[in-house]
Undergrad: 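Sharing a structure, written as structure tokens. Questions coming.
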Amino acid sequence: MSEHTDGLVLRPPTLADGAAIHHLVQRTGVLDVNSCYLYLLLCQEFADTCIVAEEDQHLVGFVTGLRPPKRPYSLFLWQVGVDPNAQGRGLGKRLVRAFLEAPGMGDVTTLETTISPSNEASQRLFHAIAGEYGATISKSPYFLEDHFPAGHEAEELYRIAPLR
Ligand SMILES: CC(C)(COP(=O)(O)OP(=O)(O)OC[C@H]1O[C@@H](n2cnc3c(N)ncnc32)[C@H](O)[C@@H]1OP(=O)(O)O)[C@@H](O)C(=O)NCCC(=O)NCCS
């Protein structure tokens, strides 16, 4: 856990955070809203590769991820979200930095995430992180529009490496 001078606490989640993460995902209005069960499962079984941000004991941001079983040197960032009232203040970057130092980081060399073509904020966020780490971004198709029911954009895989 790290507590900052501005009162922000960044820490791995506990089971008690699951419902608040689910609620924050809904508030972003952009992220795919999964079931509350899934966020509880992440908090219970994948907490070592997730981070939450708390301000005055309220959840204001989170990042969830996992180590893909087939790519042991990768850390896959699944969703990152910042409360709409707290966006644009650098919290997204702080969350991703904390994620890259999470207890489950191990000997990871590559950050992976998927981004849809219209999500400019997310693209900017990961370009900024790659720049900070002196890493290169390689993009490739991941989930195509046809894989989803109608109305969902494609998701492109961003691989950011090497992480130093
Ligand atoms: C994406 C998100 C997490 C970024 O968090 P944030 O706290 O607002 O981001 P930061 O303040 O750390 O800024 C990160 C970079 O993104 C840029 N950025 C932030 N919001 C932006 C916006 N709406 N449009 C364009 N760029 C934006 C910032 O300028 C910064 O780039 P820079 O370092 O080159 O100046 C946040 O906008 C969010 O929760 N969006 C909804 C959920 C989502 O889309 N998640 C990502 C997909 S999993």
Side-chain angles (χ1 to χ4, degrees), residues 2-13 17-36 38-39 41-43 46-47 49-56 58-68 71 74-102 104 108 110-145 147-148 151-160 163-164:
S2 66
E3 181 155 7
H4 299 259
T5 46
D6 56 5
L8 196 77
V9 175
L10 294 173
R11 59 169 174 79
D17 296 307
I21 296 174
H22 182 231
H23 191 225
L24 180 48
V25 168
Q26 292 169 312
R27 289 206 305 282
T28 66
V30 175
L31 291 170
D32 283 347
V33 182
N34 297 275
S35 71
C36 188
L38 188 50
Y39 296 102
L41 186 72
L42 285 162
C43 292
F46 294 91
T49 49
C50 299
I51 295 288
V52 291
E54 226 174 19
E55 202 170 43
D56 299 330
H58 288 104
L59 190 85
V60 290
F62 74 93
V63 49
T64 54
L66 50 90
R67 302 278 298 274
R71 295 188 301 285
S74 291
L75 182 62
F76 186 93
L77 186 153
W78 176 45
Q79 284 187 318
V80 52
V82 170
D83 189 293
N85 295 322
Q87 289 179 7
R89 299 191 330 216
L91 182 51
K93 284 190 276 195
R94 287 168 76 172
L95 277 162
V96 177
R97 287 183 206 122
F99 176 70
L100 292 174
E101 287 170 12
V108 156
T110 305
L111 170 63
E112 298 182 348
T113 196
T114 75
I115 307 180
S116 52
S118 71
N119 195 336
E120 196 185 324
S122 189
Q123 288 161 22
R124 289 277 300 271
L125 170 62
F126 288 98
H127 275 98
I129 291 292
E132 283 182 20
Y133 280 78
T136 303
I137 299 182
S138 58
K139 294 190 231 172
S140 53
Y142 196 65
F143 296 144
L144 309 180
E145 216 172 298
H147 289 130
F148 290 102
H152 195 299
E153 273 186 281
E155 293 275 346
E156 203 168 23
L157 180 67
Y158 283 54
R159 302 189 84 237
I160 299 172
L163 298 171
R164 302 193 185 96

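Read the numbers this way: they start at 1 and go in the same order the structure lists the ligands and their atoms.
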Undergrad: How long is the straight-line distance from CG of Leu10 back to CG of Leu91, given to the nearest 0.5 Å?
TA: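 Leu91 atom CG to Leu10 atom CG measures 7.0 Å (nearest 0.5 Å).
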
Undergrad: For ligand 1, does Ile115 get within less than 4.0 Å through its side chain, its backbone, both, or neither, judged by non-hydrogen atoms?
TA: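 Neither part.
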
Undergrad: Polar contacts were defined as any N/O atom of the residue lying under 3.5 Å from an N/O atom of the ligand; does this apply to Gly81 and ligand 1?
TA: no

Undergrad: Using a strict cut-off of less than 4.0 Å between a Lys/Arg side-chain nitrogen and an Asp/Glu carboxylate oxygen, indicate whether Arg89 and Asp6 qualify as a salt bridge.
TA: no

Undergrad: Can you tell me which residue and heavy atom of the protein come closest to atom 7 (O) of ligand 1, and the distance to 0.1 Å?
TA: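 That would be Gly92 N, 2.8 Å.
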
Undergrad: Any atoms of ligand 1 less than 4.0 Å from a non-hydrogen atom of Asn119? List them with their elements.
TA: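 Result: 43 (C), 44 (O), 46 (C), 47 (C).
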
Undergrad: Please report whether ligand 1 has a polar contact with Thr28, defined as an N or O pair separated by less than 3.5 Å (distance criterion only).
TA: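 No; the residue has no nitrogen or oxygen that sits under 3.5 Å from a nitrogen or oxygen of the ligand.
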
Undergrad: Side chains of Asp83 and His58: donor-acceptor distance under 3.5 Å anywhere?
TA: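 Side chains of Asp83 and His58: no pair found under 3.5 Å.
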
Undergrad: When you compare ligand 1 with Trp78, is there at least one nitrogen or oxygen pair between them that comes in under 3.5 angstrom?
TA: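 No; every N/O pair is 3.5 Å or more apart.
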
Undergrad: Does the His127 side chain pair with the main chain of Arg124, one donor and one acceptor, at a distance under 3.5 Å?
TA: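 Side chain of His127 to backbone of Arg124, a donor-acceptor pair under 3.5 Å: no, none is there.
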
Undergrad: With heavy atoms of Ala128 as the reference, note each atom of ligand 1 found under 4.0 Å away.
TA: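 Numbered from 1, ligand 1 contributes 33 (O).
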
Undergrad: Starting from atom 13 (O) of ligand 1, which protein heavy atom do you reach first, and at what distance in Å?
TA: Lys93 CE, 4.2 Å

Undergrad: So which bit of Ala121 gets within less than 4.0 Å of ligand 1, heavy atoms only: side chain, backbone, both or neither?
TA: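 Ala121 to ligand 1: contacts from backbone and side chain alike.
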
Undergrad: Let me confirm one number: the CD-OG distance from Glu156 to Ser116, rounded to the nearest 0.5 Å.
TA: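 Going from CD on Glu156 over to OG on Ser116, the span is 10.0 Å.
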
Undergrad: What's the shortest distance from atom 40 (N) of ligand 1 to any protein heavy atom, and which residue and atom give it?
TA: Gln87 NE2, 3.7 Å

Undergrad: Does any N or O in the side chain of Gln87 come within less than 3.5 Å of the main-chain N or O of Val82, such that one atom is a donor and the other an acceptor?
TA: yes

Undergrad: Can you check whether Tyr158's main-chain N or O pairs, donor with acceptor, with Thr113's side chain at less than 3.5 Å?
TA: no

Undergrad: Can you check side-chain contact (heavy atoms from CB on, under 4.5 Å) on Leu42 and Ile21, steps first, answer last?
TA: CA-CA 10 Å; Leu42 285 162; Ile21 296 174; over 6 Å; no

Undergrad: Between Val82 and ligand 1, find which residue part has any heavy-atom pair under 4.0 Å and reply side chain, backbone, both or neither.
TA: both

Undergrad: Can you list the atoms of ligand 1 that are under 4.0 Å from a heavy atom of Ser122?
TA: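 Once the distances to Ser122 are compared, the set is 46 (C), 47 (C).
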
Undergrad: Would you kindly specify which portion of Arg89 sits under 4.0 Å from ligand 1, judged on non-hydrogen atoms: side chain, backbone, both or neither?
TA: backbone

Undergrad: Tell me the closest heavy-atom pair linking Ala128 and Lys93, and the distance in Å.
TA: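 Closest heavy-atom pair between Ala128 and Lys93: CB-CD, 3.9 Å.
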
Undergrad: Shortest non-hydrogen contact from Phe76 to Leu157?
TA: CE1-CD1, 4.2 Å

Undergrad: If you measure every N or O of Val80 against every N or O of ligand 1, does any of those distances drop under 3.5 Å?
TA: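 Yes, there is a polar N/O contact under 3.5 Å.
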
Undergrad: So His23 and Tyr39, do their side chains get closer than 4.5 Å, heavy atoms only?
TA: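 Counting from C-beta outward, Tyr39 and His23 never come under 4.5 Å.
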
Undergrad: So, is Leu31 polar-close to ligand 1, with some N/O to N/O distance under 3.5 Å?
TA: no

Undergrad: May I ask you to check if ligand 1 and Gly88 share an N or O to N or O distance below 3.5 Å?
TA: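 Between Gly88 and ligand 1, an N or O pair is found under 3.5 Å apart.
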
Undergrad: Nearest protein heavy atom to atom 4 (C) of ligand 1, by residue and atom, and its distance?
TA: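 Its nearest protein heavy-atom neighbour is Leu125 CD2, 4.1 Å.
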
Undergrad: What is the closest protein heavy atom to atom 29 (O) of ligand 1, and at what distance does it sit?
TA: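 Answer, as residue, atom name and distance: Arg124 NH2, 3.2 Å.
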
Undergrad: Tell me: protein heavy atom nearest atom 11 (O) of ligand 1, and distance?
TA: Gly90 N, 2.7 Å

Undergrad: I'd like to know if the side chain of His22 and the backbone of Asn34 have a donor-acceptor N/O pair within less than 3.5 Å.
TA: yes

